[in-house]
Amino acid sequence: MSLFGTNGVRGIANEELTAEMALDLGRVIATLKPGKVAVACDTRISSQMLKSAVLAGIMSAGSDAIDLGIAPTPALQFYAKKNQIPGVVVTASHNPREYNGIKFVQENGAEFFREMDEESERVYVSKKFRIAKWSEVGKLLTDDCIENYVSAIVENVDLKRKYRVVVDCGNGASYLTSPEILRRLDCEVYSINAYPDGRFPARNPEPVERELELLKRAVVDFNADLGVAHDGDADRAVFVNEKGEFVSEDAMLALMAKYYVEKSRGGIVVTPVSSSRCVEDVVKEAGGEIVYTAVGSPVVAKVMIEKKAIFGGEGNGGFIFPEHLLARDGGMSIAKVLQLLDETGKKLSELIAEIPRYHMIKGKVACRNKEKLLSMLREEFPDANHVDGARIDFEDGWLLIRPSGTEPIARIYAEGKTKQRAEELYNEGLRILKKALE
Ligand code: MG
């Protein structure tokens, strides 16, 4: 199994991801990209420990380490882009409390792409990193990445109306940015769980609907226009409409994609093959083009650069606005949704009602022989999209079978216009998988 997963290194803090590993990972990035490296972390209990080790590793390799303290992942990424230096984020994003993670960021603000993580892993495993002479050990610097990030977002958006917004920071890093972004956009802001607490006493860091009862109630009680919740490192944002109803992340992705394509009268939208057909429907309808990638935000960003895409994102609340940053950005997502409400004069529930509805079923099956599965899928479905497993599209739905990159399982996604069609497609997926694994 590889050390680097879809978004860097993840594991249970002090067991699977130790201070020793963090030290070496600091050395790895400073060896690959010598000079200066910026480091930020989320609010997890283990984050300061791991950040300190990363900083020490960077300095021991002879680079200067810039400690940015606690910050949302996109704030560190925006700092990296602005200063053209690489970065490291200590965060396990949406994972449960006991986890932490270390993710590398490029000088352009994007996450490390797959091949860069592979190179990092080679340096890590071989321990062929630079160790500086005593006189060449790097300096420890400090800086702030919050102010520039917040003001860049606020400058992007101009609202004619005043909005009432409830924001659930979930005790993660967004407590530093999202309430402030909303205040500067002249909104009436109600913040919940807007203080740092690595025990995450209010809810899990992943903002799934069942964790957001308080937010939904608050939107209704305060008669708000919008509710928003972030994951632990605030690169993702999910929304609640003015009626206090959770909006599916896929519908939100489609809504934003539609807005971008309509605004630029065409253009390319990039999304993983696991995304709902509703995104493709609205993009094509508006005269745009959809490009599918493998699953994972780094590859979405990479393809967005290659294709000069106008917008990209995943169906989990991770939206990429390339004019601002080539990475998922929860703070910017709030600003863009408000801008959309402002320009259309419609309520969020009205806008979402215009998005086509599908039913999706997801599941997984044990699968050890991934190569065999992939070659069988290529043989049996030559016309499918093979960018990540096989996505087979039909008139009224689609089916995706893909082996997981990190676990010995294969995932099945089936989506149809009706629940019954989704179930049919899902069962077809199970049948294909069983045959392939015989
Ligand atoms: Mg995240």
Side-chain angles (χ1 to χ4, degrees), residues 1-33 37-61 63 65 67-68 70-74 76-77 80 86-106 109-130 172-173 198 205-206 231-236 294-299 301-302 318 327-328 404-408:
M1 224 186 80
S2 62
L3 179 69
F4 285 78
T6 314
N7 298 93
V9 182
R10 292 265 172 93
I12 295 172
N14 248 2
E15 288 178 31
E16 295 162 345
L17 178 56
T18 62
E20 289 85 349
M21 290 166 75
L23 182 80
D24 279 356
L25 286 165
R27 289 168 169 156
V28 168
I29 190 160
T31 300
L32 291 173
K33 293 178 177 292
V37 185
V39 188
C41 68
D42 65 15
T43 60
R44 286 168 193 271
I45 290 170
S46 57
S47 286
Q48 297 289 350
M49 170 192 79
L50 292 169
K51 175 165 64 78
S52 303
V54 171
L55 291 165
I58 291 165
M59 290 184 278
S60 79
S63 288
D67 184 0
L68 298 175
I70 293 176
T73 295
L76 169 285
Q77 290 176 289
V88 180
V89 201
V90 176
T91 179
S93 184
H94 60 280
N95 288 148
R97 299 157 173 83
E98 62 272 24
Y99 282 79
N100 216 324
I102 291 176
K103 179 161 83 173
F104 292 166
V105 170
Q106 305 178 47
E111 293 170 70
F112 263 37
F113 299 148
R114 184 75 233 160
E115 62 275 16
M116 300 172 185
D117 273 347
E118 283 167 4
E119 191 187 3
S120 305
E121 187 157 340
R122 279 194 294 276
V123 175
Y124 178 88
V125 172
S126 68
K127 291 194 177 284
K128 280 185 183 152
F129 24 68
R130 207 178 149 223
E206 181 155 33
D231 66 335
D233 65 328
D235 55 353
R236 284 161 50 180
V295 172
S297 56
V299 67
K302 186 177 184 214
R328 294 174 299 186
S404 159
T406 47
E407 297 168 81

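Side-chain contact annotation: Thr73 with Asp235, donor-acceptor N/O pair under 3.5 Å absent. The closest side-chain donor-acceptor pair between Asn7 and Ser297 falls under 3.5 angstrom.
In this structure, Arg114 does not pair ionically with Asp117, as no charged nitrogen and carboxylate oxygen lie closer than 4.0 Å. A salt bridge is absent between Glu118 and Arg122; no separation between the charged side-chain nitrogens and carboxylate oxygens falls under 4.0 Å. Under the 4.0 Å criterion applied to side-chain N and carboxylate O atoms, Glu16 and Arg10 are not assigned as salt-bridge partners.
Two residues are said to be in side-chain contact when any heavy atoms from C-beta on lie closer than 4.5 Å; Met49 and Asn14 meet this criterion. You'll find the side chain of Phe104 reaches within 4.5 Å of the side chain of Val28, heavy atoms only. Counting heavy atoms from C-beta on, the side chains of Asp233 and Val89 never come closer than 4.5 Å.
The backbone N or O of Val105 lies less than 3.5 Å from no partner atom in the side chain of Glu111, so there is not a single donor-acceptor pair. For the pair Arg44 (side chain) and Tyr99 (backbone), a donor-acceptor distance under 3.5 Å is present. In this structure, the side chain of Arg328 does not engage the main chain of Arg236 through any donor-acceptor pair within 3.5 Å. Checked by atom type and distance alone, the side chain of Ser52 pairs as donor or acceptor with a backbone atom of Gln48 at under 3.5 Å. Without hydrogens or angle criteria, Ser63 side chain to Ile58 main chain gives no donor-acceptor distance under 3.5 Å.
Between atom CG of residue Leu32 and atom OH of residue Tyr124 there is a gap of 14.0 Å, rounded to the nearest 0.5 Å. Going from atom CG of Leu23 over to atom CE of Met59 covers 10.0 Å, rounded to the nearest 0.5 Å. Taking NZ of Lys127 as the start and CG of Asp24 as the end, the distance is 4.0 Å to the nearest 0.5 Å. Rounding to the nearest 0.5 Å gives a distance of 7.5 Å between OG of Ser47 and CD1 of Ile70. Distance check: Ile12 CD1 to Thr18 OG1 gives 13.0 Å after rounding to the nearest 0.5 Å. Interatomic distance, Gln106 CD to Lys302 NZ, rounded to the nearest 0.5 Å: 9.5 Å.
Nearest heavy atoms, Thr6 versus Pro298: O-CG, 3.5 Å. The shortest non-hydrogen separation linking Lys51 to Val39 is CG-CG1, 3.8 Å. Closest heavy-atom contact between Ala30 and Val37: CA-CG2, 4.4 Å. Across Ala19 and Ala53, no two heavy atoms sit closer than the pair O-CB, 3.4 Å. Closest non-hydrogen pair, Pro86 versus Ile29, comes out as CB-CD1, 4.1 Å. Across Ser93 and Asp231, no two heavy atoms sit closer than the pair OG-OD2, 2.9 Å.
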Please test Val88 against Leu25 for side chain to side chain contact (heavy atoms under 4.5 Å, CB included), starting from the C-alpha separation and ending with a verdict. CA-CA 9 Å; Val88 180; Leu25 286 165; over 6 Å; no
